[in-house]
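Only this structure's heavy atoms are used, side chains among them; waters, hydrogens and symmetry mates stay out. A note on names: the letters A, B, ... follow the listed sequences, proteins ahead of strands, and every chain is numbered from 1.
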Number of protein chains: 2
Amino acid sequence: MVTIKQVATHAGVSFKTVSRVVNNDPTVKKINRDKVVNSIKELGYRPNRAASITRRKKSGIIGFIADDLLKVPYTFDLIRGAQKVAWEQNKELMVLNVTEDRYSAELAAQHLMEHRVEGIIYAAMYHHEVILPEILLECPTVLANCYCQNTQYPSIVPDEVKAGETVALALLDAGYRKIAFLNLNEQIIAAQDRKQGIINAFILRGVPLENLHIESVFHGSPDKEVSNSREATARIAREFKPDAIICGQDPIAVEAYFVLQSMGIQVGRDMGIASFDDWDTIPALLQPALSTMALPHFDMGKWAMEYLLEERQDIVHEKLPFTLVKRGSY
Amino acid sequence: MVTIKQVATHAGVSFKTVSRVVNNDPTVKKINRDKVVNSIKELGYRPNRAASITRRKKSGIIGFIADDLLKVPYTFDLIRGAQKVAWEQNKELMVLNVTEDRYSAELAAQHLMEHRVEGIIYAAMYHHEVILPEILLECPTVLANCYCQNTQYPSIVPDEVKAGETVALALLDAGYRKIAFLNLNEQIIAAQDRKQGIINAFILRGVPLENLHIESVFHGSPDKEVSNSREATARIAREFKPDAIICGQDPIAVEAYFVLQSMGIQVGRDMGIASFDDWDTIPALLQPALSTMALPHFDMGKWAMEYLLEERQDIVHEKLPFTLVKRGSY
DNA sequence: AGACAAAAAGACAACGTTGTTTAAATGATT
DNA sequence: AATCATTTAAACAACGTTGTCTTTTTGTCT
């Protein structure tokens, strides 16, 4: 690899002058700058980041630990958001993917710190509590899409309560009056909070809570094909007879569509449907397309990176709003 | 940050001895090793990778350029596969996400080369041709899930022909005799090759090609909600009357399920369905669960990384087989 | 105990940069 | 033309490691 000194020799200047050109130091005369620029091009010189970091004692790298992020598609926007901000400020992102066990997160953090990252974003696949290796306290760390018992970490999570409220208000204000909510497992914080938000909406609009039916369903994953969301949808449609259903997750909505179709109930006309997530291609796959509350992943990624780059010291626990994506299903 | 010399002072040895301990040099007496290990722990010393890389002139980092990878969920297995192999060999992965325009890929490559990566994996979201910045030729580069007119790059792609053959043979051998193939846009290499594979299967089994109906459908994306796959499915079911349908992509299968259900045709009993991709949660979402040809993303990631780490010089263009995931839909 | 080989640890330079100090070139002012 | 201030470039040290060479320590054999 060609070094700064070789460029200097080639250009007939001192190697320090080359360094100045590379770093856009204005105190280089045009004639010398041109010589250097030419030599750089001719020799194909590329600065050595490792050497630069060594000397500067600043890496310009932000670490991103992705806690098994990869399984759920849209979560990836977390990385996209963080990368955008980093890029704009000439910082680099070092993404490490770890599985859920704690050991691996610690190893990842170690790696990152050996690279002298200037901060770490720890992002989770879904909004939940995490247990973090203590090593992370040694470096500015932000939690994204998760929270920790140890409240010393600033965190950014989706505003689940408000999301529940928003979607329920939207339905109520669209004239729906009897709503069923096929919630996720209520051990999940998202499920608890969204439920609360939906209840809030009913209270806000003065609609009696008898008009709201909430039920947790369990739902098929790629591994186990069991799910009771179809059964629940059918039973609720038959017995509770809602005029709208809110699904805790877009995949649940897919199953609801199947069940309702089989019962001769047409989504959008006979039954409003709304959901949470804006999961990849799913909403557009359905007819009518699914109205859903889009998770603010991109914004959370941005927020986390901005927090780090501003070198904030305050420990805050922020929430970001979902976006209601209105399509044809209600 | 604490340095190797501070550890040395603390432990009462020369800094070179600390370096030896850190690098597991066996020529350090146990008593000194213990002293050093203790001091490292006590002071919280962490080796400085940048300095190490500077001196060693070896980064141990492999670059991964993800060509807009993030939009399709399961593609992420490419990174997972690559990371697994890298991890096992004590290498690190530096992942950069780029959008499709060429400029950005060049910038990404530049960044990586400033970090003196030992190789680059350029991976695409879906199997297609890419145009690469020339700078990539300066560094060992492997293409994954894509290919390039410039055949100087080794590449690893899915074996589309064989996948078509496999799924068609599976259906034929399961007794299906009249098959429709809802193909993707035939400008896509995957569509062309899979079609060929399916035809091969019919020839292999001596089933007349009149029993095979192939048609390209266009298909809804999250942006535009148009799709003709529903119309095509209905028409074909009515007119061609196949006993099985192969879908070019799992999302198409979802739409086929809807249409067939509305026609009173039960998947798995009245009509076999198979598909390509094994797209995230989709297959398990359907009832019966969708049998599909899983793309070898993980294996491609592994292959690409292994190719780089073996420092192979031969330029090969390999194909990896899909995996038939048999569920209940045929 | 003395000689010698082997093991262990130290001294010092080097990696490719950037920060700091010093020197040279340039230009303005008298 | 001499003086001085300012701009520009060079010299040199430093960053935190590892490679190489040298010295010291240890252990074995006579």
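- Distances shorter than 4.0 Å separate some side-chain N or O of A:Asn23 from OP1 or OP2 on C:dT18.
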Show the distances under 3.5 angstrom between N or O atoms of the protein and N or O atoms of nucleotides 22-28 of chain C.
none

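- Base contact: B:Ser19 has a heavy atom under 4.0 Å from a base atom.
- Between the C1' atom of D:dT17 and the CD1 atom of B:Ile40 lies a distance of 13 Å, rounded to the nearest Å.
- For B:Asp25, the side chain to side chain contact (heavy atoms under 4.5 Å, CB included) partners two or more places apart in sequence, or in a different chain, are B:Arg20, B:Thr27.
- As rounded to whole Å, 15 Å separates atom P of D:dT25 from atom CD1 of B:Ile31.
- Each of B:Arg33 and A:Ser52 has a nearest nucleotide on DNA chain C; the 5'-most of these lies closest to B:Arg33.
- Atom P of nucleotide C:dA14 and atom NZ of B:Lys58 are separated by 23 Å, given to the nearest angstrom.
- Counting to the nearest Å, the C1' atom of C:dT17 and the CE atom of A:Met1 are 16 Å from each other.
- By the side-chain hydrogen bond (donor to acceptor under 3.5 Å, both in side chains) test, A:Arg33 pairs with no residue at all, sequence neighbours left out.
- The side-chain heavy atoms of A:Phe15 and A:Val7, taken from C-beta on, include no pair separated by under 4.5 Å.
- No salt bridge links B:Lys319 with B:Glu160; every basic N to acidic carboxylate O contact stays at or beyond 4.0 Å.
- When rounded to the nearest whole Å, the span between CD of B:Gln6 and P of D:dG16 equals 8 Å.
- Electrostatic pairing of B:Arg312 and B:Glu306 does not count as a salt bridge here, judged by no charged N lying under 4.0 Å from a carboxylate O.
- Phosphate proximity of D:dG16 to A:Lys57: present, with a side-chain N or O under 4.0 Å from OP1 or OP2.
- Nearest to the side chain of B:Tyr45, among D:dT17, D:dT18, C:dG16, sits D:dT17.
- Rounded to an integer number of Å, the gap from B:Arg46 CZ to D:dG16 P is 16 Å.
- When heavy atoms are screened at a 4.0 angstrom cut-off, A:Thr27 is found touching the sugar-phosphate backbone but no base atom.
- Screening B:Glu114, B:His115, B:Glu138 for a side-chain hydrogen bond (donor to acceptor under 3.5 Å, both in side chains) involving A:Arg46 leaves a single residue, B:Glu138.
- Here C:dT18 presents its C1' atom at 7 Å from CZ of A:Arg56, a figure rounded to the nearest Å.
- The residue B:Val28 sits close only to the backbone: its heavy atoms come under 4.0 Å of sugar-phosphate atoms, none of a base.
- Along DNA chain C, the nucleotide nearest to A:Lys5 and the one nearest to B:Pro26 differ in position, and the one closer to the 5' end is contacted by B:Pro26.
- With sequence neighbours left out, the ring-ring contact (aromatic ring centres under 6.0 Å, His included) criterion links B:His127 to B:Tyr147.
- Considering CG of A:Asp77 and CG of A:Asp299, their distance stands at 9.0 Å, rounded to 0.5 Å.
- Atom NE2 of B:His115 is separated from atom P of C:dT17 by 14 Å (rounded to the nearest Å).
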Review item, nucleotides 10-13 of chain D N/O atoms under 3.5 Å of protein N/O:
| unit_1 | atom_1 | unit_2 | atom_2 | d |
| --- | --- | --- | --- | --- |
| D:dA10 | OP2 | A:Ser14 | N | 2.8 |
| D:dA10 | OP2 | A:Ser14 | OG | 3.0 |
| D:dA10 | OP2 | A:Thr17 | OG1 | 2.9 |
| D:dA10 | N6 | A:Arg20 | NH2 | 2.8 |

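- Shown here is B:Gln149, whose CD atom has no more than 12 heavy atoms of other residues, nucleotides or ligands within 6.0 Å.
- For residues 21-63 of chain B, no pair satisfies ring pair (Phe, Tyr, Trp, His ring centres under 6.0 Å), with sequence neighbours left out.
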